[in-house]
Amino acid sequence: MFLENLGPTLTILAASLAALFPGVGSAKGVGGAGEAAAGVLAEDPSKFGRVLILQALPGTQGIYGLLSWFMIMSQSGLLAGNLDISWQAGLGYLIAALPIVVVGYLSALYQGKVSEAGIALVAKRPEESGKAIVLAVMVETYAILALLATILAVFSIQV
Amino acid sequence: MLYHDVLLVCSDKESADRSLLSTQYTFYFHAWVDADKAESIKQFLTENFEVACSYRSAEKEEEYPILLKNNKFTDSFSVVLEMYGAPSPGESDPMPVMAPFYMIIFGMMLSDVGYGLLLLLACLYLIFIAKVKTGMMGQMARMLTLSAVSSIIWGFVFGGFFGDLLTAATNGRVNFPVLWFDPMGDPIKLLTFSMFFGAIHLFAGMAVDIRNSKLKGDLFGGLVNNVPWYLIITAAFMILAGPLGLISSAGTIALLSGIAKWMIIVGGVLILLFAGHGGSWNPIIRIGKALLNVYNNLTGFLSDILSYSRILALVLATSVIAQVVNILATGGSGIGGVLLFILAGGLGHLLNLALSGLSAFVHAARLQYVEFFGKFFEGAGEYFAPLRRKTKYVEIETDKLEAKK
């Protein structure tokens with residue numbers, strides 16, 4: 001019966017969503033920043049190091065998504081093959097995953113935009129790349145807060 | 001490329017020439033020099049050329065350029081400050097306080113013995129074998145060398161060696177020793193510690209603010225702005241120590257919150273009395289200023305201290321990605337397993353080192369820029385940039401060129 005395995009199913013759904021949405025957001029953010037970076041490099045290839053760092057910044061949300069995936073899978077015991085998870089716990093994991101799913105996805109998009117603008121800044125004033133990095137990192141704070149909300153909730157759910 | 005450098009030097013010279021006042025036979029200019037070298041520059045000029053030369057020290061209100069002087073340890077981290085800006089004239093140099101905090105926070109965020117060692121080796125290679133000593137790369141290499149040492153130390157504290165490589169590779173027979181506690185096992189403990197450490201970092205920033213106020217001749221203003229918040233934030237931690245489970249005895253909790261209550265009252269009275277310090281004496285305006293001060297600082301301190309929770313997030317990210325790599329790398333058996341271990345493990349850990357290292361560098365800097373500098377730093381200055389042969393592709397070894405300016 002499907003309902004017998006409702007707990008593990010919900011848990012895997014939670015873990016997958018946590019890895020999926022921030023990953024997609026990061027891919028979009030890094031992708032957009034990469035396009036902007038290629039334009040700058042066409043003019044001046046020596047700026048590669050500076051624009052690469054800026055391009056990588058929106059990529060962290062994907063990592064936080066994978067981190068949440070791992071936390072849900074290992075805390076629930078699924079990673080070790082434990083299928084004995086109550087549906088309440090599974091639903092709990094699904095709800096606990098919401099912050100990183102939504103905030104991780106959206107913050108990656110916005111951080112990608114700030115990174116693109118930062119790359120345009122580096123094109124004109126390469127010596128100010130540090131400031132461009134800080135501007136992009138300001139957005140990431142909210143992904144970090146969402147990650148902590150998810151992880152701390154996952155830790156407190158009893159299987 | 002050589003021609004590019006020649007043109008660059010010529011154009012720098014031309015633009016410096018343009019700032020000189022000159023007639024056919026004479027010219028006149030004034031410039032900022034390092035105060036310690038002023039006398040020797042005057043000697044050099046009057047001995048070697050037919051010139052009239054005099055110097056004076058900067059006035060208080062003048063916008064003079066900034067030249068930082070620090071010992072080798074502190075100076076290694078000045079690249080972090082230079083990315084942000086220069087201290088305003090009349091402000092004290094934040095580097096001696098910032099350098100140790102940057103080193104500690106970076107080490108916590110990338111707390112892994114294996115990654116620290118790899119980073120250390122890469123930096124030592126850059127400095128001693130590739131001889132990258134000048135420019136941005138050289139500064140970064142020196143800064144990361146010290147930060148990598150800190151990573152190794154924190155790696156021992158939290159028990160990380162390429163994540164849990166020893167445990168994964170030996171199926172749990174050998175475990176890497178943990179000096180304090182494993183963040184994966186007790187994340188709340190690390191969260192509390194991060195925020196407590198953040199409060200110490202902010203307190204240090206407030207101490208610098210008091211020092212800066214003293215330099216500007218307003219020691220009293222610096223004290224009344226900061227002392228109440230020292231009291232209130234400490235009290236908040238004393239009250240929270242019970243609910244967070246740091247102390248268990250009920251008597252101590254009651255005693256601490258009793259003391260904390262009085263600290264908050266004293267702090268509040270100080271704010272009420274002195275928040276409008278230096279302004280109008282109208283009681284309504286002063287109460288309004290006090291309320292505004294309380295609101296701004298309460299929300300400010302809350303978000304600043306919460307921001308240090310990123311230390312926990314980065315510690316977990318570093319070690320979890322490493323664990324995922326280890327799970328992938330130890331999946332095979334036989335000859336194929338060994339190959340998989342070397343390939344997947346090597347690539348995965350290098351990738352994680354690059355990503356986590358970048359995160360640690362960037363977020364440790366953010367905690368300095370936004371939270372720490374927010375407590376005291378104006379940063380409206382400009383760096384001392386003497387005329388020199390600033391080249392991009394060739395390196396000129398110079399000793400005496402500097403003295404000429």
Side-chain angles (χ1 to χ4, degrees), chain A residues 19 22 26 30 44 46-47 49-50 52-57 59-75 79-80 100 104 111 115 118 126-156, chain B residues 1 4 79-85 136-137 140 163 183-188 190-191 194-195 303 306-325 327 351-352 354-359 361-371 373 379 383 385 392-393:
Chain A
S26 277
V30 174
D44 183 1
S46 71
K47 295 198 177 92
R50 291 171 196 272
L52 185 68
I53 291 180
L54 278 165
Q55 194 203 349
L57 289 179
T60 31
Q61 279 85 348
I63 295 178
Y64 300 151
L66 181 65
L67 175 58
S68 310
W69 177 88
F70 184 84
M71 285 297 178
I72 294 172
M73 294 294 277
S74 70
Q75 279 295 309
L79 209 57
I100 193 62
Q111 196 176 3
S115 277
E127 70 278 5
E128 302 295 357
S129 67
K131 284 162 193 161
I133 292 174
V134 175
L135 292 182
V137 169
M138 299 300 289
V139 184
E140 192 170 318
T141 303
Y142 305 100
I144 290 178
L145 295 180
L147 169 71
L148 287 173
T150 294
I151 286 184
L152 294 179
V154 165
F155 265 99
S156 62
Chain B
M1 288 194 292
H4 171 273
V79 60
V80 181
L81 178 63
E82 279 162 26
M83 275 169 61
Y84 183 88
M136 190 82 169
M137 280 290 281
M140 290 291 274
M184 293 283 283
D186 195 354
I188 304 287
L190 183 57
L191 184 67
S194 303
M195 293 186 187
S303 62
L306 282 176
S307 181
Y308 286 85
S309 62
R310 75 187 64 233
I311 295 177
L312 166 67
L314 291 178
V315 168
L316 290 181
T318 308
S319 59
V320 165
I321 304 291
Q323 286 189 24
V324 174
V325 170
I327 291 176
L351 193 69
N352 187 21
L355 286 173
S356 299
L358 175 66
S359 286
F361 162 65
V362 163
H363 284 280
R366 181 227 140 100
L367 287 178
Q368 311 293 333
Y369 295 161
V370 182
E371 277 74 22
F373 282 177
Y383 280 108
K392 195 170 173 187
Y393 299 106

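So that the names make sense, note that chain A is the first sequence line, chain B the second, and so on, each numbered from 1.
- The shortest side-chain heavy-atom distance between B:Tyr369 and A:Ile133 does not fall under the 4.5 Å cut-off.
- Closest non-hydrogen pair, B:Ala317 versus A:Ile63, comes out as CB-CG2, 4.4 Å.
- Distance check: B:Leu312 CG to A:Ile144 CD1 gives 10.0 Å after rounding to the nearest 0.5 Å.
- For B:Glu371, the side-chain contact (heavy atoms from CB on, under 4.5 Å) criterion is met by B:Leu202, B:Asp304, B:Ser307, B:Tyr308, B:Arg366, B:Leu367, not counting sequence neighbours.
- When each of A:Met138, A:Glu127, A:Glu128 is checked for heavy-atom pairs under 4.5 Å with chain B, A:Met138 comes out on top.
- Note: A:Thr60 OG1 to B:Leu314 CG = 8.5 Å, rounded to the nearest 0.5 Å.
- Residues B:Arg310 and A:Glu140 have side chains not in contact (no heavy-atom distance under 4.5 Å, counting atoms from C-beta outward).
- Distance check: A:Leu148 CG to B:Leu191 CG gives 6.5 Å after rounding to the nearest 0.5 Å.
- Interface residue B:Ser359: only side-chain heavy atoms are found under 4.5 Å from chain A.
- Heavy atoms closer than 4.5 Å to chain A are found nowhere in B:Ala365, neither backbone nor side chain.
- Ranking A:Ile151, A:Leu147, A:Leu66, A:Thr141 against chain B, the residue ahead of the rest is A:Thr141, based on heavy-atom pairs under 4.5 Å.
- The parts of A:Val137 that come within reach of chain B are both its backbone and its side chain, each placing non-hydrogen atoms under 4.5 angstrom from that chain.
- For chain B, the nearby part of A:Ser46 is the side chain; its heavy atoms alone come within less than 4.5 Å.
- Contacts of B:Val370 with chain A are made by side-chain atoms alone, with heavy-atom separations under 4.5 Å and no backbone atom involved.
- In this structure, chain A has heavy atoms under 4.5 Å from both the backbone and the side chain of B:Leu316.
- Of the two parts of B:Glu82, neither the backbone nor the side chain holds a non-hydrogen atom closer than 4.5 Å to a non-hydrogen atom of chain A.
- Interface remark: B:Tyr84 contributes backbone atoms only to the contact with chain A (heavy atom separation under 4.5 Å).
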